[in-house]
Amino acid sequence: MYKRQDESRRQKLVVVEQKKSRRNSVSEEIGRLKKAGQNTEDLVLEMRALSQEIKEHDEEIRAIEEELNNTLLAIPNLPHESIPVGPDDSCNREERQWGTPRNFPFPPKPHWELGEQLDILDFERAGKVTGTRFAFYKGLGARLERALINFMLDIHTNEHGYLELIPPFMVNSQSMTGTGQLPKFAEDMFHLENTDYYLIPTAEVPVTNFYREEILAEERLPIYHVAYSPCFRAEAGAHGRDTRGLIRQHQFNKVELVKFCPPANSYEELEKLTANAETILQRLELPYRVVCLSSGDLGFSAAKTYDLEVWLPSFGTYREISSCSNFEDFQARRANIRFRPAGGGKPEFVHTLNGSGLALGRTTAAILENYQEEDGSITIPQALRPYMGGIERIAPPKEASS
RNA sequence: GGAGAGAUGGCCGAGUAGGUUGAAGGCGAUCGCCUGCUAAGCGAUUAUACGGGCUAAUACCUGUAUCGAGGGUUCGAAUCCCUCUCUCUCCGCCA
């Protein structure tokens, strides 16, 4: 199908290019003849007809290319051979576990109850001010979220070698197409009326598109970027799922890791990127496991994905907190991001990777739940205390304030 | 938001009465020469993409396209017309 279209396009291209070649040379000839004062009427007439033909050919080719392009944009990426094959998440493969879920001598509360009792989260007023699936962070809750953002950014920039970017939080449709959100997933995003702008669902979009339409010198690779951004997701089709708490919001914060590298090392880079994200959970001493998504659970654009799942006591399960993927050249083709091989030669597509390092809302939820005490207070993880001005504990307010 | 100016090759910068301009000149870069070394000097080369041919080939030959983007006029457009985008200056506004 694709092959046939492509061949027909190429054939037509040859024909039209021959005609253009003739037009160019004859036009030049006409110029010369006119200068010499000779009659050129016949040639002009002939060229008029030829130009018309060329116009028709160009139109045909354009139509074929558009059709071809549409076909291409709707095709998902090919899964990597190392991932488990299966129809859905039941076939995902657990790679490893880290830490041991704490044994609570009391029934652990869900984070939204803790947050409301501590007066650091306010879902009700967010519902009034905006709507469902939004939250206010308040007092030490806001402080905790802010501390986590800085904590993550510092580790990734200082220890893991990522260069920080603060991206635009809106992007145009071309960028959304480049990373694979468009055209297929338009309903998952917030589109700004009367514009070509979308609120970003993840910093992956602006950061990956940073190098769109560029040819990078191979010496510059690999490129590592880390970016904090809020993320906006319409969560279409998620009615009734995770309706309470911070797990599934229309807006949440995230620190995102993005890599660009030559094809040869992209799987090595995926392991490193995943390990970088894991570091955050380890420093926060949050139990988690790493899962390799099966072919059926894999996203549209990814070739291989590791999910990091953090332990949430009130759920009694692990929940996704980071998703680390290798897109191979899928995004690079769409966004036309290439590199020139060190030895010279034709530009090749880079491989792109990204992963959350980490999603903030879920991290906050995990800290509240895993570090809760019987009286409803929260112990701040050791590693985070410098970012909290030395605060060790978030205690319930003496009197209910509002 | 109002008024004006502009967008040319890695960079700077020519080129508007449409016709060897893929594009002068300069800088930079590369190669060679020269020179005890360095500097200077001299010579040559110096865009990219996509096709076709020939191939071991990213080499070579050849075609097409590209002077912000898209469309139009014309036998022929960097040069004329329209639309859009972006940049700059002034005013207004604003964090």
Side-chain angles (χ1 to χ4, degrees), chain A residues 2-73 146 166-178 182 191-199 205-206 209-221 223 228-230 262-264 329 331-351:
Chain A
Y2 167 80
K3 205 165 180 180
R4 213 179 55 226
Q5 279 184 327
D6 186 51
E7 237 151 62
S8 129
R9 169 183 150 267
R10 289 235 283 267
Q11 276 172 14
K12 287 184 199 299
L13 213 55
V14 170
V15 172
V16 79
E17 281 184 0
Q18 276 167 359
K19 293 194 175 180
K20 281 182 181 170
S21 172
R22 169 144 175 82
R23 180 181 66 184
N24 287 347
S25 61
V26 172
S27 288
E28 207 178 302
E29 178 69 17
I30 289 174
R32 219 172 299 137
L33 289 178
K34 268 204 166 158
K35 221 168 231 172
Q38 299 188 26
N39 192 318
T40 57
E41 203 146 307
D42 289 353
L43 283 175
V44 168
L45 240 50
E46 186 198 333
M47 285 306 104
R48 193 172 293 172
L50 186 67
S51 269
Q52 189 55 37
E53 282 175 44
I54 288 172
K55 208 173 267 182
E56 281 160 22
H57 283 298
D58 275 341
E59 178 55 32
E60 260 178 78
I61 289 169
R62 203 200 50 75
I64 292 174
E65 275 175 353
E66 191 183 321
E67 211 178 306
L68 229 151
N69 206 13
N70 286 342
T71 313
L72 254 37
L73 286 176
R146 181 157 57 89
I166 297 180
F169 300 153
M170 307 173 198
V171 298
N172 56 35
S173 56
Q174 226 186 322
S175 293
M176 284 296 192
T177 307
L182 286 179
H191 181 218
L192 301 184
E193 210 173 350
N194 300 324
T195 70
D196 185 40
Y197 297 161
Y198 293 80
L199 294 177
V205 178
N209 279 283
F210 189 78
Y211 297 105
R212 173 147 53 82
E213 311 288 342
E214 291 191 27
I215 299 175
L216 308 162
E218 183 168 15
E219 294 73 37
R220 288 182 62 191
L221 302 178
I223 293 171
Y228 155 75
S229 87
D329 65 6
Q331 294 180 327
R333 283 177 187 279
R334 295 175 153 241
N336 199 20
I337 306 169
R338 292 171 294 175
F339 73 97
R340 193 173 301 287
K346 283 206 166 195
E348 295 175 36
F349 290 111
V350 300
H351 278 193

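Residue numbering restarts at 1 for every chain, and letters A, B, ... go by the order of the sequence lines.
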Original post:
Mind checking who B/C94 pairs with, Watson-Crick or G-U wobble, both distances under 3.5 Å?
Top reply: none

Original post:
Where the side chain of A/Val14 is concerned, which of B/G19, B/G52, B/A65 is the nearest nucleotide?
Top reply: B/G52

**OP:** Applying salt bridge (Lys or Arg N to Asp or Glu O under 4.0 Å), run through A/Lys19 and A/Asp58 and close with a yes or a no.
**Re:** CA-CA 11 Å; A/Lys19 293 194 175 180; A/Asp58 275 341; over 6 Å; no

Original post:
Using purine N1 to pyrimidine N3 plus N6-O4 or O6-N4 for Watson-Crick, or N1-O2 and O6-N3 for G-U wobble, each under 3.5 Å, what pairs with B/G36?
Top reply: none

Original post:
Across all strands, who's sitting opposite B/G43 as a Watson-Crick or G-U wobble pair, both distances under 3.5 Å?
Top reply: B/C31

Original post:
Mind checking the P distance from B/G1 to B/C11? Whole angstroms is fine.
Top reply: 30 Å

Original post:
What distance, rounded to whole Å, do you find between the two P atoms, one in B/C90 and one in B/G15?
Top reply: 26 Å

Original post:
What is the distance from atom CZ of A/Arg338 to atom CZ of A/Phe349, rounded to the nearest 0.5 Å?
Top reply: 6.0 Å

Subject >> Length of the CD1-P vector between A/Ile54 and B/C75, whole Å >> reply: 13 Å

Subject >> Earlier contact from the 5' end, RNA chain B, for A/Ser51 and A/Ser25 >> reply: A/Ser25

Original post:
Within less than 4.0 Å of OP1 or OP2 of B/G19, is there a side-chain N or O belonging to A/Asn24?
Top reply: no

**OP:** Let me know the distance between CZ of A/Arg22 and P of B/G76, rounded to the nearest Å.
**Re:** 13 Å

Original post:
Separation of A/Arg220 atom CZ from B/G10 atom C1', in whole Å?
Top reply: 14 Å

**OP:** Would you mind reading off the distance between A/Glu17 atom CD and B/A65 atom P, rounded to a whole angstrom?
**Re:** 8 Å

Original post:
Between A/Glu59 and A/Lys55, is there a salt bridge with N-O shorter than 4.0 Å?
Top reply: no

Subject >> Who pairs with B/A14 - Watson-Crick or G-U, where each distance is under 3.5 Å >> reply: none

Original post:
Would one find a side-chain N or O of A/Lys55 under 4.0 angstrom from OP1 or OP2 of B/U74?
Top reply: no

Original post:
A/Val26 near the nucleic acid: base, sugar-phosphate alone, or nothing, with a heavy-atom cut-off under 4.0 Å?
Top reply: nothing

Original post:
Which nucleotide in the set B/A49, B/U64, B/C50 lies at the smallest distance from any side-chain heavy atom of A/Pro347?
Top reply: B/A49

Original post:
B/G68 pairs with which nucleotide, Watson-Crick or G-U wobble, both distances below 3.5 Å?
Top reply: B/C84

Original post:
Across all strands, who's sitting opposite B/U79 as a Watson-Crick or G-U wobble pair, both distances under 3.5 Å?
Top reply: none

**OP:** Assign each of A/Gly31 and A/Arg10 to its nearest nucleotide of RNA chain B by heavy atoms, then name whichever residue's nucleotide is nearer the 5' end.
**Re:** A/Gly31

Original post:
When all nucleic acid strands are considered with a 4.0 Å heavy-atom cut-off, which category describes A/Lys19: base, sugar-phosphate, or nothing?
Top reply: nothing

Original post:
Are A/Arg9 and A/Asp6 ion-paired here, with the side-chain N under 4.0 Å from a carboxylate O?
Top reply: yes

Original post:
A/Asn24 and A/Ser21: side-chain donor and acceptor closer than 3.5 Å?
Top reply: no

Subject >> Counter-base of B/G51, judged by Watson-Crick or G-U geometry with both distances under 3.5 Å >> reply: B/U62

**OP:** Nearest whole angstrom, please: distance from the P of B/U20 to the CD of A/Glu28.
**Re:** 7 Å

**OP:** Using the P atoms only, state how far B/C86 lies from B/U30, rounded to an integer number of Å.
**Re:** 38 Å

**OP:** Kindly say if A/Arg23 contacts the phosphate of B/C75, meaning a side-chain N or O under 4.0 Å from OP1 or OP2.
**Re:** no

Subject >> Interatomic distance, A/Gln38 CD vs B/G19 C1' [rounded to whole Å] >> reply: 15 Å

Subject >> Pair partner, B/U73 [Watson-Crick or wobble, under 3.5 Å] >> reply: none

**OP:** Among the candidates B/G52, B/C75, B/C50, find the nucleotide nearest to the side-chain atoms of A/Met47.
**Re:** B/C75

Subject >> Phosphate OP1/OP2 of B/G19: any A/Arg32 side-chain N/O under 4.0 Å >> reply: no

Subject >> Pair A/Arg22 + A/Glu46: basic N to acidic O under 4.0 Å >> reply: yes

Subject >> Whether A/Tyr228 and A/Phe169 hold their rings parallel, tilted or perpendicular, with breakpoints at 30° and 60° >> reply: perpendicular

**OP:** Check whether any side-chain nitrogen or oxygen of A/Ser27 sits under 4.0 Å from OP1 or OP2 of B/G19, and answer yes or no.
**Re:** no

Original post:
To the nearest Å, how far apart are A/Glu65 CD and B/G70 P?
Top reply: 13 Å

Original post:
Touch check for A/Leu43, heavy atoms < 4.0 angstrom, all strands: base, sugar-phosphate only, or nothing?
Top reply: nothing

